[in-house]
Chemist: 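Before anything else, here's the structure in question.
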Amino acid sequence: MNSDRSEKKNEVSLFRLYLLRGLYLFVVVGLAFVQWPEVIDKILHPAKSWDLMDGVVSCMLTSFSVLCLLGLRYPLQMIPVLLWEVVWKTLWLLIVALPLWTAGHMDDSTMSTVISCLLVVIFPFIIPWRYVFVNYVKKQGARWR
């Protein structure tokens, strides 16, 4: 009976699952408009080359959108992908953008990236933190031997 209560307590509401699915859909649709046309163009016209970092970023964003497609079906299982997005964008904003902004060296390109990265502020309001804590912090990890 005690385990039934703890399972109920850790259950994610249907509303929160739909919020998560909405977030995954938001990412998929956004990147489908922004990122996928460029990737498809490079696939169809391989002679056009990317700069190294442009290629890295495009491939990472495209793979993120594909993983978010999985999040539509498996919203809880794909939470680590959302956590990765929150962590890297927060780090970039704090370590790269904030010092540039405070020093007055923010250019248009960096500001454009800041605006894109600031969309991550909605993620913490949608991620079910109790579920994350119970399943990724508190839960015993897989055995090492």
Side-chain angles (χ1 to χ4, degrees), residues 6-145:
S6 64
E7 285 178 27
K8 273 270 199 240
K9 186 176 169 184
N10 298 326
E11 190 175 294
V12 176
S13 72
L14 186 58
F15 176 72
R16 183 57 69 100
L17 290 175
Y18 279 113
L19 281 177
L20 277 170
R21 286 184 173 113
L23 182 58
Y24 291 119
L25 185 62
F26 174 73
V27 170
V28 168
V29 170
L31 289 175
F33 282 112
V34 174
Q35 199 58 50
W36 276 93
E38 186 178 356
V39 170
I40 291 169
D41 183 54
K42 296 295 183 194
I43 291 169
L44 296 176
H45 305 98
K48 296 180 182 178
S49 65
W50 265 322
D51 291 332
L52 175 63
M53 287 313 297
D54 288 339
V56 169
V57 170
S58 291
C59 290
M60 286 177 62
L61 288 173
T62 302
S63 64
F64 178 56
S65 68
V66 170
L67 292 172
C68 283
L69 270 173
L70 282 175
L72 294 171
R73 182 163 183 178
Y74 306 107
L76 296 175
Q77 290 89 330
M78 297 309 291
I79 285 176
V81 174
L82 298 179
L83 296 176
W84 175 79
E85 184 78 351
V86 169
V87 170
W88 88 256
K89 284 185 175 181
T90 302
L91 285 173
W92 188 88
L93 287 166
L94 292 174
I95 296 170
V96 178
L98 185 60
L100 287 173
W101 181 70
T102 56
H105 298 292
M106 185 76 68
D107 61 12
D108 290 341
S109 175
T110 307
M111 183 54 91
S112 174
T113 304
V114 166
I115 292 166
S116 295
C117 284
L118 282 175
L119 290 173
V120 82
V121 299
I122 64 173
F123 285 42
F125 295 103
I126 296 173
I127 293 172
W129 292 105
R130 181 180 295 145
Y131 177 88
V132 170
F133 180 76
V134 167
N135 288 282
Y136 297 109
V137 177
K138 192 175 174 186
K139 186 175 180 180
Q140 185 173 351
R143 60 191 169 108
W144 287 85
R145 294 181 185 188

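None of the values given here were measured: they were computed from a predicted structure.
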Chemist: Hey, does Pro128 have a side-chain heavy atom less than 4.5 Å from the side chain of Leu76?
Modeler: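 Heavy-atom side-chain distance check passes, below 4.5 Å.
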Chemist: Do the side chains of Val27 and Phe123 get nearer than 4.5 Å, heavy atoms only?
Modeler: yes
Chemist: I'd like to check the salt bridge (Lys or Arg N to Asp or Glu O under 4.0 Å) partners of Lys42; sequence neighbours left out, ordered by chain and number.
Modeler: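 Partners of Lys42 under the salt bridge (Lys or Arg N to Asp or Glu O under 4.0 Å) test: none.
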Chemist: Taking the side chain as C-beta and beyond, is there a heavy-atom pair between Leu82 and Leu20 under 4.5 Å?
Modeler: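 Counting from C-beta outward, Leu82 and Leu20 do come under 4.5 Å.
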Chemist: Would you compute the distance between atom CZ of Phe64 and atom CD of Glu85 and round it to the nearest 0.5 angstrom?
Modeler: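 It comes to 3.5 Å.
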Chemist: Are any of the side-chain heavy atoms of Trp36 and Val66 separated by less than 4.5 Å?
Modeler: yes
Chemist: Can you see whether Phe133 has Arg130 sitting over its ring - NZ or CZ less than 6.0 Å from the centre and within 45° of the normal?
Modeler: no
Chemist: Looking at every non-hydrogen atom in both residues, tell me the closest pair between Trp88 and Cys117 and how far apart they are.
Modeler: CH2-SG, 4.1 Å
Chemist: For Pro37 and Ala32, work out which heavy atoms get closest and say how close.
Modeler: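 It is CD-O, 3.1 Å.
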Chemist: Does Val114 reach the side chain of Trp92, with side-chain heavy atoms less than 4.5 Å apart?
Modeler: yes
Chemist: Under the 3.5 angstrom rule, does the side chain of Thr110 hit a backbone N or O of Met106 as a donor-acceptor pair?
Modeler: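 No, the answer is negative, given that no donor and acceptor are paired below the 3.5 Å cut-off.
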Chemist: Within the distance-only criterion (no hydrogens, no angle test), does the side chain of Ser63 pair as donor or acceptor with the backbone N or O of Met60 below 3.5 angstrom?
Modeler: yes
Chemist: Can you confirm whether more than 12 heavy atoms, excluding those of Trp101, are under 6.0 Å from its CH2 atom?
Modeler: no
Chemist: Is there a side-chain contact between Cys68 and Phe26 (heavy atoms, below 4.5 Å)?
Modeler: no
Chemist: Counting C-beta onward and ignoring hydrogens, is there a side-chain heavy-atom pair between Ile79 and Asn135 closer than 4.5 Å?
Modeler: no
Chemist: If you apply the rule side-chain contact (heavy atoms from CB on, under 4.5 Å), what do you find for Trp129 with Val132, and how did you get there?
Modeler: CA-CA 5 Å; Trp129 292 105; Val132 170; 4.2 Å; yes
Chemist: Check for a donor-acceptor pair, side chain of Arg16 on one end and backbone N or O of Ile126 on the other, with a separation under 3.5 Å.
Modeler: yes
Chemist: Work out which heavy atom in Trp50 is nearest to a heavy atom in Gly55; give both atom names and the distance.
Modeler: CE3-CA, 3.6 Å
Chemist: CG of Leu17 to OH of Tyr131: how many Å apart, nearest 0.5 Å?
Modeler: 9.5 Å
Chemist: With rounding to the nearest 0.5 angstrom, report the CG to CZ distance, Leu14 to Arg21.
Modeler: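 With rounding to 0.5 Å, CG (Leu14) is 7.5 Å from CZ (Arg21).
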Chemist: Just how far is it from atom CG of Leu93 to atom OG1 of Thr113, taken to the nearest 0.5 Å?
Modeler: 9.5 Å
Chemist: Atom CD1 in Ile127, atom CG in Leu83: separation rounded to 0.5 Å?
Modeler: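 Answer rounded to 0.5 Å: 5.0 Å.
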Chemist: Looking at Ser112 and Asp108, would you say the former's side chain and the latter's main chain have a donor-acceptor pair under 3.5 Å?
Modeler: no
Chemist: Does any non-hydrogen side-chain atom of Pro75 lie less than 4.5 Å from one of Tyr18?
Modeler: no
Chemist: Please give me the minimum heavy-atom distance between Leu61 and Leu31, naming the atom from each residue.
Modeler: O-CD1, 3.4 Å
Chemist: Ignoring hydrogens and angles, tell me if any N or O in the side chain of Ser65 forms a donor-acceptor pair with the backbone of Thr62 under 3.5 Å.
Modeler: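 Here the side-chain-to-backbone pair exists.
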Chemist: Identify the heavy atoms of Lys89 and Val120 that sit nearest to each other, and give their distance.
Modeler: CD-CB, 3.8 Å
Chemist: If I compare all heavy atoms of Thr90 with all of Val86, which pair ends up nearest, and what's the gap?
Modeler: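 Result for this residue pair: OG1-O, 2.6 Å.
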